[in-house]
Number of protein chains: 2
Amino acid sequence: MQQMENSELYQFLAGNGASFFTPASYGMPPPSAAASTMHSFCSSSYYPLDSSEITDTPHQDRALAALKNHKEAEKRRRERINSHLDKLRTLLPCNSKTDKASLLAKVVQRVRELKQQTSQITELETIPSETDEITVLSTSSGDYDGGDGRLIFKASLCCEDRSDLIPDLIEILKSLHLKTLKAEMATLGGRTRNVLIVAADKDHSIESIHFLQNALKSLLERSNSSERSKRRRALDRKLIV
Amino acid sequence: MQQMENSELYQFLAGNGASFFTPASYGMPPPSAAASTMHSFCSSSYYPLDSSEITDTPHQDRALAALKNHKEAEKRRRERINSHLDKLRTLLPCNSKTDKASLLAKVVQRVRELKQQTSQITELETIPSETDEITVLSTSSGDYDGGDGRLIFKASLCCEDRSDLIPDLIEILKSLHLKTLKAEMATLGGRTRNVLIVAADKDHSIESIHFLQNALKSLLERSNSSERSKRRRALDRKLIV
DNA sequence: ATTAACACGTGAAAC
DNA sequence: TGTTTCACGTGTTAA
């Protein structure tokens with residue numbers, strides 16, 4: 001918009017030989033390579049010379065030096081940015097030829113995932129409540145987890161405590177091929193809450209969340225049918241006293 | 001190097017009025033704003049016209065259209081890249097005015113940290129060995145953790161099992177203001193290994209690692225002095241049988 | 001007045 | 001072929 005690309009003058013004044021032998025293009029006949037110098041000659045003859053054109057060589061020198069500095073600084077800036085992009089290329093699952101935009105898209109996605117995972121792993125509420133509860137959440141909230149291909153689930157189970165609850169839980173996770181990343185378990189007044197962060201295999205889809213949910217539900221029902229009365233009585237007695 | 005910026009011809013042919021009123025600079029006297037058009041006039045008169053200059057207007061049109069497409073595509077590319085950079089700006093602890101290079105530097109650092117944290121949280125070896133062990137590692141390996149300001153430690157304690165080991169451990173972590181992100185505990189043959197991923201407060205320095213190490217050491221010694229003989233005998237008996 | 005950062009238009013090369 | 005991506009030099013603007 002507000003640009004002119006009228007810098008051939010400076011290219012000429014700089015005596016930058018490299019640009020003189022740039023192959024002509026766009027049907028301009030040879031020796032169009034010298035055209036950039038001709039611009040200057042032409043305008044010099046077309047417009048009357050003013051005194052500054054003779055006496056301001058120091059001005060020209062300074063402008064020239066400034067332009068050179070500018071050029072080099074800009075190159076350094078580009079290199080700085082690109083070096084960081086290269087580092088990111090090594091940090092992500094992508095080859096060195098993925099273009100900048102796609103690379104940055106991957107980076108955005110990855111940072112979001114990692115943020116989410118660590119925050120979910122960190123924030124656990126383990127104080128058991130008085131009501132039975134089962135919650136199973138997916139970390140990736142539905143969209144495909146491109147990170148390392150694994151879905152992360154957060155499962156919370158709050159129920160009466162019993163001695164073989166943990167082994168049963170472990171059995172469920174094993175049968176569903178879920179790997180436990182973090183488990184936090186607390187018991188209070190005969191009740192327990194177990195919060196699990198589990199990673200699914202790559203072959204799992206988001207639907208696995210339902211298998212886990214159902215398994216935990218049956219576990220809870222099993223728990224209630226067999227041991228409920230005994231524990232309940234003990235808890236009630238404790239509350240009465 | 002291999003560039004000429006000799007595109008005034010196309011600016012002129014395109015009739016792009018915007019560039020005509022660009023303020024002159026570098027001491028070129030007015031009406032230098034028209035200089036870019038003069039380049040074309042000048043070169044047209046200096047070099048003999050060939051037939052193509054009259055008959056190839058369709059060529060010119062095509063080249064012009066191509067140039068316009070190119071220009072717009074490049075603009076779209078820039079916008080795509082910059083939009084991703086903006087997304088990253090919102091994802092990281094930095095304002096919207098941090099420059100590209102610094103932003104990307106932060107991104108590199110953040111991705112490295114998060115990778116390291118999640119991998120350390122994931123990779124735990126909990127099978128207890130027959131020899132007593134204490135290891136305390138720092139996640140950030142010495143450099144400042146710019147992530148959310150917290151240092152992450154990984155502590156592993158392998159020793160004889162005893163009933164009040166966990167409460168003692170919890171007491172230690174509480175007194176050192178360390179928050180447990182993940183704990184994995186396994187017992188086998190009367191021995192136990194506890195692997196803890198703990199996060200230090202922001203006011204902790206990397207030196208806190210020594211306090212934790214010493215506390216665990218004293219815990220292990222306490223364990224050995226009181227309960228060792230009894231457990232050892234039981235274990236030895238088991239091994240003999 | 002320097003310096004640094006940005007968007008732009010362009011030529012070249014990949015595909 | 002045309003489409004896409006890149007590096008470059010430049011003009012401009014802000015601290």
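Note that the coordinates shown come from a computational prediction; the quantities given were computed from them, not determined experimentally. Numbered from 1 within each chain, the chains take letters A, B, ... in sequence-line order.
- For A:Asn69 and C:dT3, the CG to P distance is 7 Å, given to the nearest whole Å.
- Along DNA chain D, the nucleotide nearest to A:Glu79 and the one nearest to B:Arg76 differ in position, and the one closer to the 5' end is contacted by B:Arg76.
- Pair assignment for C:dC15 gives D:dG2, based on Watson-Crick or G-U wobble hydrogen-bonding distances that are each under 3.5 Å.
- Among the protein residues, B:Asn82 comes within range of the sugar-phosphate backbone only, with heavy atoms under 4.0 Å from sugar or phosphate atoms but none that close to a base.
- Nearest nucleotide to the B:Glu74 side chain, out of C:dA5, C:dG11, D:dA7: D:dA7.
- A donor-acceptor contact under 3.5 Å is formed by the side chain of A:His70 with the base of D:dG11.
- Within the nucleic acid shown, A:Arg80 comes within 4.0 Å of sugar-phosphate atoms alone, with no base atom in reach, counting heavy atoms only.
- Distance A:Asp86 CG to D:dT5 P: 17 Å, rounded to the nearest Å.
- Donor-acceptor pairing under 3.5 Å is recorded for the side chains of B:Ser102 and B:Asp99.
- What separates NZ of B:Lys97 from C1' of D:dA15 is a distance of 11 Å, to the nearest Å.
- Remark: B:Arg78 CZ is packed, more than 12 non-hydrogen atoms of other residues, nucleotides or ligands lying under 6.0 Å away.
- Under the 3.5 Å distance criterion, with hydrogens and angles disregarded, no donor-acceptor pair is assigned to the side chains of A:Glu171 and A:Ser175.
- Atom CZ in B:Arg77 sits about 17 Å away from atom P in D:dT3, given to the nearest Å.
- Nearest to the side-chain atoms of A:Lys71 among the listed nucleotides C:dC8, D:dT5, D:dT10 stands D:dT10.
- Between the base of D:dG2 and the side chain of B:Arg62 there is no donor-acceptor pair shorter than 3.5 Å.
- Taking the side chain of A:Lys75 as heavy atoms from C-beta on, and the options D:dC8, D:dT10, D:dC6, the nearest nucleotide is D:dC8.
- Between the C1' atom of D:dT5 and the CG atom of A:Leu85 lies a distance of 13 Å, rounded to the nearest Å.
- Using a 4.5 Å heavy-atom threshold, the side chains of A:Lys154 and A:Val136 count as separate.
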